[in-house]
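Written below as structure tokens is the structure these notes are about.
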Amino acid sequence: MKRASISLLSRLSRHKSQNSIPTISKYYISDLASSSSPLKPCARSHGLIVRNHPSHKMTTLVENPLQLSSRQRKTKEKSDLEEAFESAKTSEEMLHLFKLMEASFDESELGLASLKIGLKLDQEGEDPENILFFADRALKVLDKGDNTSRPSFLVAMCLQLMGSVNYSLKKFNDSLGYLNRANRILGSVEGEGLGRVEDIRPVMHAVQLELANVKTAMGRREEALEHHNKCLVIKELTLEDDSTELGVANRDLAEAYVAVLNFKEALPYGLKALEIHKNRLGDNSVEVAHDRRVLGVIYSGLEEHQKALEQNELSQKVLKNWGLSSELLRAEIDAANMQIALGKFEEAINTLRGIVQQTEKDSETRALVFISMAKALCSQDKFADTKRCLEIACGILDKKETVSPAEVADAYSEISMQYETMNEFETAISLLKRTLALLEKLPQEQHLEGSVSARIGWLLLLTGKVPQAIPFLESAAERLKESFGPKHFGVGYIYNNLGAAYLELDRPQSAAQMFAVAKDIMDVSLGPHHTDSIEACQNLSKAYSTMGSYTLAIEFQQRVIGAWESHGPSAEDELREARRVLEQLKSRASAATINQLPTKALPLPHTNLSGQSSQPGISVNQKLTSSI
């Protein structure tokens, strides 16, 4: 996009008159021409000149420099400077010529040149503050006066650059403001037919991609998905059906869905990427290997571990052929984890023993090998060996916290799960708090911050530290709603746990509110007959029973029975228990005194609420810990 932007600006400011000048170039060049410009034979675009067909008069003047007047000489000097600037190949040349231009041109004539330098510096990865200086300078020129009367493509390009640079400076709110405005302008430019779609679409794609990146960094991943989808639509309109780049765009969208744990939606895009790259590049291409890696993750997420392993093995063959040793090591570790998921523990351990010999002593890859080894050993109840592996991994990771905080945080989270499995809850909580401290400094990892907070809250509940658990659960609910949306199943699990916590603290009304929210979310995201949705309904019945509102308790318990009945013979035990609870509720209702005041149903809250518990009969959801 950066190269395309500079190329596009060259077309917009080309000196030679050509029949093939883009429509948008002609429009904006004439629109930005200065009415007071002394150079009458030329159309000016803020200092960058596009010449008309050479006239005999101009030819005579060039051939006879001694006949030039002072005014003509000054005009020619400016024209020569502009030609030299347009011909400059490096940022150093452009900056040198720009300084000379500053002495000859008004600030109002330097807008396009400032934008071009900004784009060039951005392309070369120069200091963002320096890029921002030129982008801001360009915007102040291009975005004022007559230029604001109708949408300006150049202003949109400038805003896109401002948004991109502010994103790199982690000024996400500023970035979002610039990009949103650029998006609106581009929509108007395209809608009003003010430019060629060939010029507009690359910039539109860049804006959509930056919006996706910014919203991801802000934790708004569901919104980011919308922009990723628009990126693919633009690519489909722009590229050939079998284009390699279109294959990459499909893979990018698949990875975006994986990031929000929507593996079902991710699968068709991963498969499309593989189809395009196989047809275009053949089975032995690196792109095909990358596609298979993503498909391995997707199939693992769908718990189709055998398919995941098949994709991984095919990917490894390609990586070996290309000699990509570091990527191959990661793929082998992934394969071992898939073997563990399939219950092939000894096979996984043998795979990992082979890998560890290829890793450096204090490398992150070596730490990952020991974490996977621990997982396999833990699955075999070899806890002493498991702990030794985890201690080695932690020793390596401790030295990497400042270098690779996101990767270390992810590894600590995985290690904590092994300690949970071994019922070493205090150690697990300690590791998760270290994880949280790292993630809090990484705004783009807000979704992981929410997941870790949820796990800490769940473990605190499990160990009876209910008052300490509630703030972590409330924080988790807010983080995950921002990242995945209010109806994500993970948010439902947190509300279910919050309900259990409030019930434990003898706050049944608050508990009922939390269980009601959890049930509403799970009914939408999982369906009313999903086991977790049924458990939420069961918990709601329990809360109303605790409040003495037996009519409501019986109503929800009957829904529980109806849902289990839909499962058929596989849920006979659950159905039997649900019917027993219903009879118990009816018995309690009959025994209630006639003077007892009925408890009214609590309305479903429409504001942000939270809560969890460990009372008998209350289901506390752990599933969030492994699903977000």
Side-chain angles (χ1 to χ4, degrees), residues 222 225 257 260-265 301-303 450-451 454 458 473-474 476-478 480-503 508-547 549 551-568 570-571 574-575 577-579 581-582 585 600-613 617-628:
E222 286 289 342
L225 263 178
Y257 275 111
V260 296
L261 309 179
N262 194 336
F263 302 108
K264 185 178 179 181
E265 289 289 341
L302 293 170
E303 298 187 1
S451 174
W458 178 79
L473 292 168
E474 289 177 336
E478 294 309 310
L480 294 181
K481 279 193 290 186
E482 290 172 9
S483 297
F484 300 121
K487 296 297 183 182
H488 191 274
F489 64 88
V491 179
Y493 291 139
I494 295 172
Y495 277 120
N496 188 71
N497 290 346
L498 275 165
Y502 284 127
L503 203 57
Q509 291 189 350
S510 296
Q513 286 182 314
M514 296 303 102
F515 290 139
V517 175
K519 180 184 180 301
D520 180 52
I521 293 170
M522 290 179 181
D523 282 353
V524 171
S525 60
L526 303 175
H529 292 169
H530 189 279
T531 55
D532 294 322
S533 301
I534 299 171
E535 287 175 1
C537 191
Q538 178 73 74
N539 288 343
L540 188 54
S541 174
K542 172 71 175 180
Y544 279 125
S545 173
T546 303
M547 293 163 59
S549 181
T551 301
L552 288 167
I554 289 170
E555 177 187 335
F556 283 105
Q557 191 62 32
Q558 286 171 335
R559 294 188 193 180
V560 170
I561 291 171
W564 282 127
E565 284 176 340
S566 71
H567 283 250
S570 64
E574 290 85 353
L575 181 58
E577 174 61 17
R579 285 172 174 163
V581 172
L582 178 61
L585 288 172
K600 292 184 179 179
L602 294 168
L604 277 179
H606 297 287
T607 56
N608 296 334
L609 298 169
S610 333
Q612 170 162 355
S613 159
I618 296 299
S619 172
V620 178
N621 290 107
Q622 183 187 6
K623 293 184 181 179
L624 177 70
T625 64
S626 60
S627 59
I628 294 183

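- Within the 4.5 Å cutoff, the side chain of Glu535 has no heavy atoms near those of the Asn496 side chain.
- Between atom OG of residue Ser533 and atom CG of residue Asp523 there is a gap of 5.0 Å, rounded to the nearest 0.5 Å.
- The pair Glu222-Lys481 fails the salt-bridge criterion, with no side-chain N (NZ, NE, NH1 or NH2) lying under 4.0 Å from an Asp/Glu carboxylate O.
- In terms of heavy atoms, Tyr502 sits closest to Ala511 at CB-N, 3.7 Å.
- Minimum interatomic distance between Leu540 and Ala512 (heavy atoms only, all atoms of both residues): CD1-O, 3.3 Å.
- In this structure, Asp520 and Lys487 have side chains that are in contact, with non-hydrogen atoms separated by less than 4.5 Å.
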Item to check | Step-by-step salt bridge (charged side-chain N to carboxylate O under 4.0 Å, His left out) determination, Glu565 to Arg579 | outcome: CA-CA 11 Å; Glu565 284 176 340; Arg579 285 172 174 163; 3.0 Å; yes
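- Judged purely by atom type and a 3.5 angstrom limit, His567 uses its side chain to pair as donor or acceptor with the backbone of His529.
- No donor-acceptor distance shorter than 3.5 angstrom exists from the side chain of Gln557 to the backbone of Val581, with no hydrogens or angles considered.
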Checklist entry - Could you walk me through whether Met522 and His530 pass the side-chain contact (heavy atoms from CB on, under 4.5 Å) check? => result CA-CA 8 Å; Met522 290 179 181; His530 189 279; over 6 Å; no
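- Within the 4.5 Å cutoff, the side chain of Thr531 has heavy atoms near those of the Trp564 side chain.
- Heavy-atom minimum distance, Leu585 versus Ser541: CD1-OG, 3.6 Å.
- Put simply, the residue from Leu480, Ile521, Val517 that forms a side chain to side chain contact (heavy atoms under 4.5 Å, CB included) with Ile494 is Leu480.
- Residue Ala476 comes nearest to Ala454 through the heavy atom pair CB-N, 3.5 Å, listed as atom of the first residue, atom of the second, then distance.
- Note: Leu582 CG to Ile561 CD1 = 4.0 Å, rounded to the nearest 0.5 Å.
- When all heavy atoms of Gly499 and Phe515 are compared, the closest pair comes out as C-CZ, 3.3 Å.
- The heavy-atom pair separating Ser545 from Ala553 by the smallest distance is N-CB, 3.7 Å.
- Taking the six-membered ring for Trp and thresholds of 30 and 60 degrees, Phe489 and Tyr493 have ring planes more than 60 degrees apart, a perpendicular arrangement.
- Applying side chain to side chain contact (heavy atoms under 4.5 Å, CB included) to Phe556 and the options Lys542, Gln538, Lys519 leaves one that passes, Lys519.
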